[in-house]
**Student:** 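Right, I'll just put the structure down here and ask away after.
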Amino acid sequence: MSGSYSRIVGTGAYLPAKILTNKDLERMVDTSDEWIYARTGIRQRHIAADEEQTSDLALAASRTALATAGIDAADLDLVVVATTTPDMVFPSTACILQAKLGARNCPAFDMQAVCSGFVYGLATADQFIRSGQYRNALVVGAEIYSRILDWNDRATCVLFGDGAGAVVLQRSNKPGIISSHLHADGAHVDMLSVPGTVSGGKVSGRPFVQMDGQSVFKFAVKVLDEVAKEALTANHIEKSEIDWLIPHQANIRIIQATARKLGISMEKVVATVDRHANTSAASIPLALDEAVRDGRIRAGQHVLLEGVGGGFTWGAVLVRW
Ligand code: UT7
């Protein structure tokens, strides 16, 4: 085994072509561009075409990540797809993606941790690489939330969008991923959930996102602050040494409140929520890909990724780029 760390060696992103603006939503529910932008920072979201599945979004993002990494799908040892909106009950979206990519025979599984799914997936793939078991892993966050939204409920339908982001993780002699910190507390199911299930040949329960927005907001800021500090303390790193904070992109006010609590300037925060709304497990890799491609993230910098979502789940991954 050469090297006992993993590094992100390629990133990719995909957003469906159709854009739904706040103005479009004004014609669908009793809302306004002013309200949505002021409360959330969102201007628009992308919506998957009827014929697109989550695995298709994942495929587009993955192909770019593989091309950037300079490896073939056949070289992958592991495929992890973080999603809450799988193509079907089973097989996993990861297995469907693996076949579409032509990455036959490597293990593939879905990671269900809602908006923390990408951080959970990255942490898991990192462990497989660190242990020496695998060399190349593909970690994807891909979602079609537009299919689990009640488009008559203005309290939720304005907040979410569709998209996918992917990274290729590769074994390396130096970090790479410095540490990961994962948490869950299943006592808060009622705060954020899609309470429907498939049973007896039909959907039972309400298969749409429901949440207590204000409670989610407070909980998110609290744990994003805590887990970021946990990552810094564990590595004896000062907040001034964080070059880029990439939090889950749910609401710009959650992002601003978290940065304020941490004492990190918004100039060091990557925010893309204005253009794609909350894409759940896809939001962190979408923001990461943008900041890598536009040259903000450079070699040697510290990047802190952190997510929070239904479950509740939350976690952080500290990376040296
Ligand atoms: O990945 C995690 C997923 N969830 C989240 O990120 C959600 C976290 N929570 C939030 O982002 C915020 O709580 C919201 C954006 C959902 C709401 O913002 P808020 O500042 O907490 O507003 P609020 O819930 O206090 O609602 C204020 C008012 C209410 O009217 P009344 O009762 O004051 O008359 C709502 O009925 O805004 C009303 N409202 C809307 N008005 C126009 C709720 N949704 C809308 C809407 N357009 N889309």
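Whatever order the structure lists ligands and atoms in, that order sets their numbers, starting from 1.
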**Student:** Show me which atoms of ligand 1 lie under 4.0 Å from any heavy atom of T40.
**Tutor:**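 Answer for ligand 1: 15 (C).
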**Student:** Taking 4.0 Å as the limit for heavy-atom contacts, which would you say applies to T31 with ligand 1: side chain only, backbone only, both, or neither?
**Tutor:**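 Within the 4.0 Å criterion, T31 contacts ligand 1 through backbone and side-chain atoms alike.
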**Student:** Starting from atom 17 (C) of ligand 1, which protein heavy atom do you reach first, and at what distance in Å?
**Tutor:**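 The closest heavy atom on the protein side is W35 CH2, 4.0 Å.
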**Student:** Show which atoms of ligand 1 fall inside a sub-4.0 Å distance from at least one heavy-atom site of V158.
**Tutor:**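 That gives atoms 48 (N) of ligand 1.
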**Student:** Verify the contact flag for atom 1 (O) of ligand 1, where contact means a protein heavy atom under 4.0 Å away.
**Tutor:**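 Yes, there is one.
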**Student:** Have a look at ligand 1 and work out which part of V29, if any, has a heavy atom under 4.0 Å from it: side chain, backbone, both or neither.
**Tutor:**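 The answer is neither; V29 stays 4.0 Å or more away.
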**Student:** Does ligand 1 have an atom under 4.0 Å from some heavy atom of N278?
**Tutor:**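 Yes, N278 has heavy atoms under 4.0 Å from ligand 1.
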**Student:** What do you reckon, does G309 put a non-hydrogen atom under 4.0 Å from ligand 1?
**Tutor:**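 No heavy atom of G309 comes that close to ligand 1.
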**Student:** Taking atom 21 (O) of ligand 1 as the reference point, report whether a protein heavy atom occurs under 4.0 Å from it.
**Tutor:**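 Yes, at least one protein heavy atom sits under 4.0 Å from atom 21 (O) of ligand 1.
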**Student:** Could you walk me through whether E52 and Y14 pass the side chain to side chain donor-acceptor pair (under 3.5 Å) check?
**Tutor:** CA-CA 12 Å; E52 278 183 314; Y14 174 76; 2.6 Å; yes
**Student:** Measure from atom 11 (O) of ligand 1 to every heavy atom in N251, V308, V221 and give the option owning the shortest one.
**Tutor:**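 Nearest option to atom 11 (O) of ligand 1, by heavy atoms: N251.
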**Student:** Measure the acute angle between the ring planes of H188 and F312, then classify it against the limits of 30° and 60° as parallel, tilted or perpendicular.
**Tutor:**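 Because their plane-to-plane angle is over 60°, the rings of H188 and F312 count as perpendicular.
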**Student:** To the nearest 0.1 Å, how far is atom 6 (O) of ligand 1 from its closest protein heavy atom, and which atom is that?
**Tutor:**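 Checked against all protein heavy atoms, atom 6 (O) of ligand 1 sits closest to A250 CB, 3.4 Å.
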**Student:** With a 4.0 Å cut-off, strictly under, does atom 37 (O) of ligand 1 pick up any protein heavy atom?
**Tutor:**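 Yes, there is a protein heavy atom closer to it than 4.0 Å.
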**Student:** To check your reading of the model: name the closest protein heavy atom to atom 35 (C) of ligand 1, its residue, and the distance in Å.
**Tutor:**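 Checking every protein heavy atom, the shortest distance to atom 35 (C) of ligand 1 gives R154 NH2, 3.9 Å.
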**Student:** With a distance cut-off below 6.0 Å to the six-membered ring centre and an angular limit of 45° from the axis, does R45 pair with F160 as a cation-pi contact?
**Tutor:**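 The answer is no, since R45 fails at least one limit relative to F160.
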**Student:** Can you list the ligand 1 atoms lying under 4.0 Å from a non-hydrogen atom of A155?
**Tutor:**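 In order of numbering, the contacting atoms are 44 (N).
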**Student:** Strictly less than 4.0 Å: does any protein heavy-atom distance to atom 14 (C) of ligand 1 fall in that range?
**Tutor:**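 No, no protein heavy atom sits under 4.0 Å from atom 14 (C) of ligand 1.
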**Student:** Identify, for atom 5 (C) of ligand 1, the protein heavy atom at the shortest distance, and state residue, atom and that distance.
**Tutor:**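 Checked against all protein heavy atoms, atom 5 (C) of ligand 1 sits closest to V216 CG1, 3.8 Å.
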**Student:** Determine, considering heavy atoms only, which of F217, Y145, F219, F312 sits nearest to atom 12 (C) of ligand 1.
**Tutor:**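 Among F217, Y145, F219, F312, the closest heavy atom to atom 12 (C) of ligand 1 comes from F217.
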**Student:** Whether R275 and E290 form a salt bridge (side-chain N of Lys/Arg under 4.0 Å from carboxylate O of Asp/Glu) is what I want to check.
**Tutor:**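 Looking at R275 together with E290, the answer is yes, because their closest N to O distance falls below 4.0 Å.
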**Student:** Protein heavy atoms near atom 45 (C) of ligand 1, is at least one of them under 4.0 angstrom away?
**Tutor:**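 There is a protein heavy atom less than 4.0 Å from atom 45 (C) of ligand 1.
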**Student:** Suppose we measure from atom 9 (N) of ligand 1 to each protein heavy atom; which comes out shortest, and what is that distance?
**Tutor:**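 Answer, as residue, atom name and distance: G213 O, 2.9 Å.
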**Student:** Please identify which atoms of ligand 1 are closer than 4.0 Å to at least one heavy atom of C115.
**Tutor:**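 Per the distance check, 1 (O).
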**Student:** Got a donor-acceptor contact below 3.5 angstrom from the W151 side chain to the S146 backbone?
**Tutor:**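 Yes, because the side chain of W151 sits within donor-acceptor range (under 3.5 Å) of the backbone of S146.
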**Student:** Among Q214, R39, Q249, whose heavy atom sits nearest atom 27 (C) of ligand 1?
**Tutor:**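 Comparing heavy atoms across Q214, R39, Q249, the nearest one to atom 27 (C) of ligand 1 lies in R39.
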**Student:** Give me the nearest non-hydrogen protein atom to atom 18 (O) of ligand 1 as residue plus atom name, then the distance to 0.1 Å.
**Tutor:**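 Scanning the protein heavy atoms, the shortest distance from atom 18 (O) of ligand 1 goes to R253 NH1, 3.8 Å.
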**Student:** Looking at atom 4 (N) of ligand 1, what's its closest protein heavy atom, distance included?
**Tutor:**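 Answer for atom 4 (N) of ligand 1: M211 SD, 3.4 Å.
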